[in-house]
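Notes for the one structure printed next.
Below, chain A is the first sequence line, B the second, and so on; all start at residue 1.
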Number of protein chains: 2
Amino acid sequence: MIWNNFRKDDARLPTFINEREEKHYYETEATEKDYLAWYRQHNSKKYRTPSVTVDNVLFCYNREQDQLKVLLIRRNTHPFRNSWALPGGFVQPEESTDESCLRETATETGVSITSQHIEQLHTFSTPNRDPRGWIITVSYLAFIGEEPLTAGLDAKEALWFSVVRKDDMLHLVNGPNEIILNFQTGKTTAGEQLAFDHAKIISKAFLRVLNKMYHDPKVLRLLGQSFTITEARKVFAKFLGCPHQTIDHSNFKKALRAELVELGEKPVGIGRPSKIFTLKENKKK
Amino acid sequence: MIWNNFRKDDARLPTFINEREEKHYYETEATEKDYLAWYRQHNSKKYRTPSVTVDNVLFCYNREQDQLKVLLIRRNTHPFRNSWALPGGFVQPEESTDESCLRETATETGVSITSQHIEQLHTFSTPNRDPRGWIITVSYLAFIGEEPLTAGLDAKEALWFSVVRKDDMLHLVNGPNEIILNFQTGKTTAGEQLAFDHAKIISKAFLRVLNKMYHDPKVLRLLGQSFTITEARKVFAKFLGCPHQTIDHSNFKKALRAELVELGEKPVGIGRPSKIFTLKENKKK
DNA sequence: CGAATAGTGTCTATCAGACAATATAAT
DNA sequence: ATTATATTGTCTGATAGACACTATTCG
């Protein structure tokens, strides 16, 4: 490579004996503008860079079935062809990973969510976590208000798996498909395997919710705009792995009263009418 | 599929009319081994990928000065030449971002830390956060046991800045250099500016420590292997922005007793001998 | 002894959790 | 009225925080 031949048209610029001298000149003596122009032309493809993906743990809750669910897709391409995996995709230029998460969620599930609904979990970068090569993933957690279309998009099979906690195990079930993983270790223990390190990601998401529920009950966005105390107890019970009756109504309400706003009464239903609540929005993270 | 037009180098493989057909074949019909071989050869350079860096918020605490400090380097290259910035660098192939963090910390400060000392903070990916182009950074938080060499390495000036909290402001000071930032908004308000979005990263680190201190007092690693209750109070006071005397000794000890192990007594010093403690290690995250 | 430092004990308002009582509506 | 569901109220043990007291060492 000829190092003294960069931008002949610009007489301001000196010539260089070697690459190191040129680098030093642009990094320390040239103007920032000249540096950036030089960098884009010479440095941008010099080093190997990883691909970056997002992987999204999308939870929803179905009131009728009283089931917590997580969205998985069956991969129809290599690698991990026919394995279940989290939805996600490659981050594109000129977008943040937050935006990637929202874009992928919208295209894969048809549900529009905002940055208020998502939360960055962790960035996974273990070498060889993806057999295709150097691929880093930024994982996200999102709570979908109501169960949307379950039909797959992008020519993939996309299904909601019910999530049942038993001790430290999560049972992800949809019909004949069953995946069992330990969310303390992040490993699948029986049944089908998950693609890549997605068992770790799901575990991290579940633990995050569990640890923050009472302090930051964002998980109640699973119930949409408004909900009753009992509905909130049912959602918490899914993460605690217990029947919702074991969560005392009175104590639960006391614990969360600071995070909730009362909206009115639910007009229909058996028994005393429930009051309906919504999450306070003014929380500054 | 047409099998009558074999490739010379591998008779097993078919030829394709167009790129799309080829992609479809490898993704869905070929073996995974063949797919991966094809992917590496054809797909690896097809899409633009970002550079990925790590940025490390390294805190230390000096007992003699009773000062919390954060390590900043003065950049001697574009972009942000002469601005103060967090130490960090590009993630290399075949290493995780955790390993990058440890490697960069070792080379920039001379201090060897283990994965026990670091914690991933957040991945920042706002477009144009770096004028050089598409650069994503994974930020880390680390607690250095004792103040190491302050001399810069890598031909950069590296200095420990004392960190003083006043209300929502952090004052980062080293001699004539002073940077003031609001850790609630993540913005510098006066004095010198920080490079890139590093004010946001430092703010995130400070808030993370503040929110988790009592629940997960990993911050006490600032005090090395062992410490007295009063030393621990002094560290907490730095993050709370108050004199350590306002933290009641008795109540503080009660709050942290579950996280500490008593080692013995400190033999020297004025007044009643202090007991020395260390952090319990058995915490599973 | 007195000053300085640090560990220990006590009191109280508050709160989480267990449990009881009341309110409403469908059958 | 009975039953199911939900809300409201009460009691108690535990705890955080304020404060007081005791223990040790140095000058």
In this structure, how many angstroms lie between the [atom2] atom of [N] and the [atom1] atom of [X], rounded?
X	N	atom1	atom2	result
A:D66	D:dT5	CG	P	13 Å
B:I229	D:dA23	CD1	C1'	16 Å
A:F252	C:dA18	CZ	C1'	17 Å
A:Q245	D:dA4	CD	C1'	12 Å
A:I276	D:dT7	CD1	P	11 Å
A:K254	D:dT10	NZ	C1'	9 Å
A:I247	C:dC19	CD1	P	16 Å
B:H215	D:dA16	NE2	P	13 Å

Touch class at under 4.0 angstrom, heavy-atom based, for A:T228 against every strand present: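 Here A:T228 touches no strand at all.
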
side-chain N/O A:H249 vs D:dT7 OP1/OP2, d < 4.0 Å: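 True: A:H249 side-chain N/O within range (under 4.0 Å) of D:dT7 OP1/OP2.
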
Phosphate OP1/OP2 of D:dT7 contacted by A:K253 side-chain N/O (<4.0 Å):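 So the side chain of A:K253 is outside the cut-off, no N or O lying under 4.0 Å from OP1 or OP2 of D:dT7.
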
Residue pair B:H122, B:R208: steps toward the side chain to side chain contact (heavy atoms under 4.5 Å, CB included) verdict: CA-CA 11 Å; B:H122 193 80; B:R208 173 78 63 93; 5.6 Å; no

With B:S125 via side chain to side chain contact (heavy atoms under 4.5 Å, CB included) - residues at least two apart: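 For B:S125 the side chain to side chain contact (heavy atoms under 4.5 Å, CB included) partners, ignoring immediate neighbours, are A:S96, A:T97, B:I136.
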
Distance flag, aromatic centroids of B:F239 and B:F59, threshold under 6.0 Å: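 Yes, close enough.
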
Short side-chain to backbone donor-acceptor contact, B:E192 and B:N177, under 3.5 Å: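 No; zero donor-acceptor contacts below 3.5 Å.
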
Criterion side chain to side chain contact (heavy atoms under 4.5 Å, CB included) on B:L172 and B:W84, from CA distance to verdict: CA-CA 11 Å; B:L172 313 182; B:W84 294 99; over 6 Å; no

Lys/Arg N to Asp/Glu carboxylate O, B:E119 vs B:R221, below 4.0 Å: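 Here B:E119 does not pair with B:R221 in a salt bridge, since their nearest N and O are not under 4.0 Å apart.
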
Base C:dG7 paired with B:K275 side chain (donor-acceptor, <3.5 Å):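 Answer is no: no donor-acceptor pair is held.
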
Base C:dA18 paired with A:N251 side chain (donor-acceptor, <3.5 Å):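 Checked by distance alone, the answer is yes.
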
Residue mapping more 5' on DNA chain D - nearest nucleotide basis, B:R257 or B:S250: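 It is B:R257 whose nearest nucleotide is closer to the 5' end.
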
Derivation and outcome, ring-ring contact (aromatic ring centres under 6.0 Å, His included), residues B:Y214 and B:F236: CA-CA 9 Å; B:Y214 280 94; B:F236 272 50; 5.0 Å; yes

Between the protein and nucleotides 2-5 of chain C, list the N/O to N/O atom pairs that are separated by less than 3.5 angstrom.
residue	atom	partner	partner atom	Å
C:dT5	O2	B:R272	N	3.1

Along DNA chain C (nearest heavy atom to each residue), the more 5'-positioned of B:F277 and A:T246: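 Nearest-nucleotide comparison on DNA chain C picks B:F277.
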
